[in-house]
Every structure is written in C-alpha cells, then in structure tokens.
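See below for the structure under consideration.
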Number of protein chains: 2
Amino acid sequence: MEKQSGKFEAIAAAAKSLFWKHGIRRVSIEEICHDAGVSKMTCYKYFSNKTAIAKYLIEEMFESGIKAYKEIYHSDISYEEKVKKMLDLKMSNAHEMSQELLDDIYKNQDEELSETIETIKKRMIGIYLDDIREAQKIGEIRNDVKPEFMLYFLNNLTEMLTDQRLVSIYSNPQQMISEVMTFFFYGIMPRKNGEK
Amino acid sequence: MEKQSGKFEAIAAAAKSLFWKHGIRRVSIEEICHDAGVSKMTCYKYFSNKTAIAKYLIEEMFESGIKAYKEIYHSDISYEEKVKKMLDLKMSNAHEMSQELLDDIYKNQDEELSETIETIKKRMIGIYLDDIREAQKIGEIRNDVKPEFMLYFLNNLTEMLTDQRLVSIYSNPQQMISEVMTFFFYGIMPRKNGEK
DNA sequence: TATATAAATACAAATAACGTATATTTCATA
DNA sequence: TATGAAATATACGTTATTTGTATTTATATA
C-alpha cells in the first residue's frame, strides 16, 4: 500500500482552519475539499461525513494536549515549576479551541461530537485528579483540600489568565502567572520566616 | 410616526457583527434576527433581503470613511500632518472590512454588492485625485508626478503599514508611520541645508 | 376598549448541501 | 506505448436549510 500523499493531512488542515474560524455548522464539505485541493470523492475515502472530520480533529487536539501535560507532569522539576509550565501551556493554547466553536457544537446538538468531547474531558479530569492525589500523598501539596476543588480552582485560574481585565493589570503575562501562582500556592498570608 | 425603537439599529449591528466575522454567505437572516432580538417579519419591514442589509452597512462604512477623510483634508494643518493623520486613520480601520469579507462578496458574484463597492470606490478615487491635483496646484506637493501614481503609492503604503513583516521592524507604529512618511515626502536623498 | 405594532407560527418555493454513481483524466509502471 | 490504479470532474436524486410571505397570537398605547 502506498503512503498517503498528504491528502488526508490536507483535508484535516483545511477543515481545522475553517472549523476553528467559523464553527462546524457554517462550513460545508465541498468547501473543505476545495480548500484542501481535493475532490469530494477523495474526502469521502477518508471520512464518512463532516462530523467524522470534526471528531478526528477534536480528538487529535485533546490527545496532543494530554501528551503535553504528561510530559510536563513527569518531568524532573518542582511541583511549583510544573504548575507554572502548565499555566504557560494553557495560556498559549487559549485560542486552540474557541468557546465559539464549543458553543457551536453543543448548540447544534451534534450528539456524537458532544459525547466525544465529554468522554475526553472525563478522561482528562481523571488523569488530573489522580495526579493531584498522588502529589498529596507524597506531600508535594497539602492534603486538607479536596482534589476536585483544586481542579475546579485551576480551571478558574486558566480562565482568569485569559481575561483581558486581569491581563491589562500586568505589564507582562509572566509576571501575572507568577503572581497568580504565588497566591495559589501560598494564599494571602505573608510568608513566615524560613518559608521559601 | 413613532421613532424607531432601535430595532433597525439592532438589526444593523447584529448583521455587521456576523458579516464581518463570517462573511455574508455564511450568515442567514434568521440568525441576524435572533441576534438582534427581532422577529423575521420586523426585519423584512426594514430590509427587503440580506443583500440590502449588507449594502446598507457597506455604504454606511464608506460614507463614514469619506467623512473622516474630508474632515482631515479640510482641517487647518500642514499637508504632511494631513497625510500622517490619514495613515493613522487607515491603520486603525485596517480591519474595518476584512479582505476575507471582500473576497466573499466578489467570489459569490453578488453583482449588486460588488457594484455598490465599485461605485463608492470610484467616488473615493475621484475625491482623492481632485485633492491631490489641488495640492499640486497650490504647490503643497511636487507636480512632476502623476496623481494616479501618488494614489497608487499611497494605497501601497497603507498595505505596508498593516504588513506584520514591516510592523515587527519597528518598536511602535508611530515610528513606522513617521519613517515611511519621511520617505514618501522626501525620498531617500539626504536633506539639503535649509530643508525642513 | 379599540387600534396599531411586533412576535410567533406555519408554509410553499427556492436554494444549498449531502452522499453516491459514473465517466474522464492523470500518471506511474509494465 | 499500453495498462491499470487512483484522483478528479460531472451529474444526480435526496435531504436539509433558507427564504419570503401569510396568518395568528400577544403586547402595548391612545
């Protein structure tokens, strides 16, 4: 069997560009084919329909996200450094999948797609919670706070980091992340002597 | 007759937001009505169809552009200052109408809309050329260069000013405009003594 | 209460998108 | 050059969406 001469990738790239800009509903298969420089028949060789393309793209996106997370989590740096790196990552990927696109998917009640997203989300939450519990066990973070609350709070943080009202307070995003993280790790109490 | 309770404006605003983001083709009238919080019947009270809404918005946009230009041109400042103000204006309005939206209009061969745009464009070019000729007449700019070439070159300048490759060379846009303008007014030759 | 105005609903007609079948073209290989 | 696999272009019936209008229902105002 011959190696795919990049047509699959061309379709995926064209679809991603269009979906991410306009949502799924507004984009037609013929449009994707045109942008990919591929005929409709070729498109149907690889994907059974539009939803299948979107599903593939969304799964790919989440997979690469999980992979990036895993790499950070299992790297040999302090827990604080890990959280910092994750927040950096989240920020740079903020527009990876726009809220608009998600709304589009849910609003149009495409059950297959929303189920796909829900499934992956659950998987990611499971991974995150396990990792938090592990970190509690080995004493990297305090264990008198529910992992679920930490996760909720972390999600809240990432939202804050893309909120223009917060961003505009700081002269650069690194300073913002650093300050927010300090608050997350140490709270509002002034540091005691001996504390890092 | 009662004053329109902002429904016309609501429709125009919703349509503009959608058109400017997704182009005209991808947006339906029902969508506009929904976003405007107005029923379809009310929409048809004010506009006969989707093209009519787009036409109104495009004309309004060009009109306000011409108005802003006129204000600058007839203000009591030096010609150099005028050009600078115009370039500032052009830059801040760079995304007023995206190339994508224009492509959408031309690609879909909506004759009415493209004619509307062409008509307005011609009017604007006429105004610009007249003003350049007048400036030549009263000696504000040299008269051994065709007005048409100056206009062409000015258009080219505004395109350059939104080109990221150029923008990234300068630490701020004002410096860029100033340098580009100096080149436009005085060319590459070093200034002679006595020249401003 | 009467009257005007907008919203909601329903609908036929037009348009666009879908997915498939078939004919044509391309192009590498025998 | 002839052959065959694979992509493209074309055509087509089917379904879904959009359009523009008509009719009914709600809402506010004088």
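Protein chains get the first letters and strands the later ones, always in sequence-line order, with residue 1 at the start of each.
By the 4.0 Å N-to-carboxylate-O rule, B:Glu60 lies too far from B:Lys67 to be salt-bridged with it. We find that A:Glu9 and A:Lys16 are not joined by a salt bridge, their nearest charged nitrogen and carboxylate oxygen being 4.0 Å or further apart. Looking at B:Glu148 and B:Arg133, a side-chain N of the basic residue comes within less than 4.0 Å of a carboxylate O on the acidic one, giving a salt bridge.
Considering only side-chain N and O atoms, A:Lys45 lies nowhere under 4.0 angstrom from the phosphate OP1 or OP2 of C:dG19. Within the 4.0 Å cut-off from OP1 or OP2 of D:dT8, at least one side-chain nitrogen or oxygen of A:Thr42 is found.
In this structure, A:Glu30 atom CD and D:dT8 atom C1' are separated by 13 Å, rounded to whole Å. Computed from coordinates, the A:His22 NE2 to C:dA17 P distance equals 13 Å when rounded to whole Å. At whole-Å resolution of the value, NZ in A:Lys50 and P in C:dG19 are 9 Å apart. Look at OH on B:Tyr44: it is 15 Å from P on C:dA7, rounded to the nearest Å. A straight line from CG of A:Asn49 to C1' of C:dA17 spans 13 Å, rounded to a whole angstrom. Atom-to-atom, CZ of A:Phe8 to C1' of D:dA6 comes out at 18 Å; the value is rounded to the nearest Å. A straight line from CZ of A:Phe47 to C1' of C:dT20 spans 19 Å, rounded to a whole angstrom.
Between D:dA22, D:dA7, C:dA6, one nucleotide has an atom nearer to the side chain of B:Lys7 than all others, and that is C:dA6. Here the side chain of B:Ile29 is nearest to one of C:dA7, C:dC18, D:dG20, namely D:dG20.
Linking Ile, Leu, Val, Met, Phe, Trp and Tyr residues whenever their side-chain heavy atoms come within less than 4.5 Å places B:Ile132 and B:Phe153 in a single cluster.
Among the heavy atoms of the strands lying under 4.0 Å from B:Lys40 is at least one base atom, whether or not backbone atoms are also near.
Positionally, the nearest nucleotide of DNA chain D for A:Met41 lies more toward the 5' end than for the other of A:Met41 and A:Arg25. With DNA chain D read from its 5' end, the first of the two nearest nucleotides for A:Gly37 and B:Ser48 is the one closest to A:Gly37.
Considering B:Val83, B:Leu157, B:Leu161, B:Asn172 in turn, B:Leu161 is the only one that fulfils the side-chain contact (heavy atoms from CB on, under 4.5 Å) rule with B:Ile177.
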